Novice: 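Right, I'll just put the structure down here and ask away after.
Counting from 1, the numbers follow the sequence of the chain as shown. All figures in this text were calculated on a predicted structure; none of them were measured in a lab.
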Amino acid sequence: MAKRLVMTYALWAFGGPLGLHHLYLGRDSHALLWMLTLGGFGFGWLREFVRIPTYVNEANREEGGKHRHRSEIPPPVAPVRFAGQVCVGIYFGTVALIGLQSLSFFYLIVLPLSVGAGVHLVSNAGQQTSDLSKTLTSCLITSPIFYGSTLSPLPISIVASVTAAQNRRYKPPQAPGSKQEIGPRLYRLGLAWLAFSAPLAYCIFHNTTATLYYLSDCMAALLDVFWFLPWLRSMLEYILLMPYRILCFFTGGSYYEEVWKKVLEILLREYTEREREALKVLSLAEEATVQEISQSYRELAKMWHPDHNPSKDAEAKFLRIHEAYEVLLRRHKPNRFK
């Protein structure tokens, strides 16, 4: 079915940064590139306003089997495409630095493959493509030279872009009727988008969780300071629950207040990083009772007491056990959440 110029412009206007118009024209690589970069960081999307008629004509020629003759001569070098390869390569490398830097052999394998994937995605947009294996090989060779540097995506991306430009070529024409259905195309695009976004989403979630643990620590410590003044502690808890009391006022019931009070209590009862480390030191599970904590402490303290253990590490180990015991005792302090 012939592609319509009006429909393409409409998709460009309302979903251009997400690549909807490229998806409509069958340009899946370009659509994926736009999904991951929000329209080439906005600049590419605006630039396409004058290029859409060319895209539509190319798509209609492909649909009708009327391919433009493509010689063995490589396509001319396009400065815009080259700049896009460098920028997207740096972008993919930066995302990898944020979400995957903790992986083993990151600078030797993960980072160069990420940069190379970004460069090849740009080189594969439209009617052109490049040699993926040579692009990735150049990244793998360049990456050890800048091992450990946070600026390494820049030189790796430049080398990969030069390699891709040297090995550029036209894509072979597709046979009429070889276009796949929209379902499998969306499935592949979804997998590619998930592979790109999952590490970044995990990093954001991990940092958010760490922040919540920190806030939980601060709130619990704040309330613990005033455990001997119940009225002051109650007032502070009332202030912390003020947003939920306002919600209760507008909803006309007390159910929400009780629910959110339990949520606050769960948040404050959440094990902090220090408490989880203390549990590891005493070899306890999170459900351990005060009796189990005391029993484990007595057994380990007896084992590692410097008077009974001649080991060089005995004193340091004994101090860690005692500190862990005190941390867990403070957590189970009576009336902490009453």
Side-chain angles (χ1 to χ4, degrees), residues 19 22 26-37 40 44 62 67 70-97 99-101 103-149 151-175 178-180 184-185 187-200:
H22 288 300
R27 301 163 60 92
D28 290 354
S29 296
H30 214 149
L32 177 61
L33 176 62
W34 259 216
M35 290 177 189
L36 300 182
T37 62
E62 292 284 347
H67 311 292
R70 296 171 183 171
S71 64
E72 296 298 326
I73 301 176
V77 176
V80 174
R81 182 183 291 264
F82 182 83
Q85 290 172 342
V86 174
C87 292
V88 175
I90 295 173
Y91 171 56
F92 273 47
T94 303
V95 171
L97 280 169
L100 300 173
Q101 192 172 4
L103 296 178
S104 301
F105 305 106
F106 171 79
Y107 286 98
L108 296 178
I109 298 177
V110 180
L111 179 60
L113 292 182
S114 300
V115 175
V119 171
H120 184 72
L121 183 58
V122 178
S123 66
N124 202 49
Q127 304 299 314
Q128 299 183 27
T129 187
S130 184
D131 192 318
L132 175 60
S133 60
K134 292 182 179 179
T135 301
L136 294 181
T137 300
S138 65
C139 293
L140 291 170
I141 294 174
T142 308
S143 185
I145 301 175
F146 302 93
Y147 186 91
S149 173
L151 298 178
S152 55
L154 174 59
I156 297 174
S157 183
I158 292 176
V159 172
S161 299
V162 171
T163 303
Q166 290 176 341
N167 295 276
R168 66 192 183 279
R169 63 179 184 273
Y170 288 110
K171 293 179 180 177
Q174 295 183 350
S178 63
K179 294 278 186 182
Q180 291 191 8
R185 292 169 57 200
Y187 176 73
R188 289 198 300 270
L189 290 174
L191 288 180
W193 182 86
L194 184 63
F196 176 86
S197 60
L200 190 60

Novice: Could you go through Ser157 and Val119, starting from their C-alpha distance and side-chain angles, then the distance that decides it, and tell me whether this counts as side chain to side chain contact (heavy atoms under 4.5 Å, CB included)?
Specialist: CA-CA 7 Å; Ser157 183; Val119 171; 3.9 Å; yes
Novice: Taking all atoms of both residues into account, what is the closest heavy-atom pair of Ser152 and Leu111, and its distance?
Specialist: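 Scanning both residues, the minimum pair turns out to be OG-CD2, 3.1 Å.
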Novice: With side chain to side chain contact (heavy atoms under 4.5 Å, CB included) as the test, would you mind laying out the steps for Thr135 and Asn167 before giving the verdict?
Specialist: CA-CA 9 Å; Thr135 301; Asn167 295 276; over 6 Å; no
Novice: Just wondering, do Leu108 and Pro144 contact through their side chains at under 4.5 Å, heavy atoms?
Specialist: yes
Novice: Between Asn124 and Lys171, which heavy-atom pair has the shortest distance, and what is it?
Specialist: O-NZ, 2.7 Å
Novice: Would Asp131 and His120 satisfy side chain to side chain contact (heavy atoms under 4.5 Å, CB included), going step by step from the backbone distance to the final call?
Specialist: CA-CA 8 Å; Asp131 192 318; His120 184 72; over 6 Å; no
Novice: Show the nearest heavy-atom pair for residues Pro112 and Leu140, with the distance to one decimal.
Specialist: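 It is CG-CD2, 3.7 Å.
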Novice: Could you walk me through whether Phe196 and Val95 satisfy the side chain to side chain contact (heavy atoms under 4.5 Å, CB included) test, starting with their C-alpha distance in whole Å, then the side-chain angles of each, then the deciding distance to 0.1 Å, before giving a yes or no?
Specialist: CA-CA 8 Å; Phe196 176 86; Val95 171; 3.8 Å; yes
Novice: By side-chain contact (heavy atoms from CB on, under 4.5 Å), which residues pair with Gln101, not counting sequence neighbours?
Specialist: Leu97, Phe106, Tyr107
Novice: What are the two closest non-hydrogen atoms of Phe92 and Ser114, and how far apart are they?
Specialist: CB-O, 3.4 Å
Novice: How many angstroms lie between atom CD1 of Ile141 and atom CD1 of Ile156, to the nearest 0.5 angstrom?
Specialist: 12.0 Å
Novice: Determine all donor-acceptor pairs shorter than 3.5 Å in which one atom belongs to a side chain in residues 73-81; sequence neighbours excluded.
Specialist:
residue, atom, partner, partner atom, Å
Arg81, NH1, Val122, O, 3.0
Arg81, NH1, Ser123, O, 3.3
Arg81, NH1, Ala125, O, 3.1
Arg81, NH2, Ala125, O, 3.1

Novice: How long is the gap from CD1 on Ile158 to OG1 on Thr163, to the nearest 0.5 Å?
Specialist: 11.5 Å
Novice: Identify the heavy atoms of Leu32 and Trp193 that sit nearest to each other, and give their distance.
Specialist: CD1-N, 4.3 Å
Novice: Among all residues two or more places apart in sequence or in another chain, which pass the side-chain contact (heavy atoms from CB on, under 4.5 Å) test with Leu103?
Specialist: Leu100, Val110
Novice: Quick one: closest heavy-atom pair of His30 and Gly126, and the distance?
Specialist: ND1-N, 4.3 Å
Novice: Let me confirm one number: the CE-CG distance from Met35 to Asp28, rounded to the nearest 0.5 Å.
Specialist: 8.0 Å
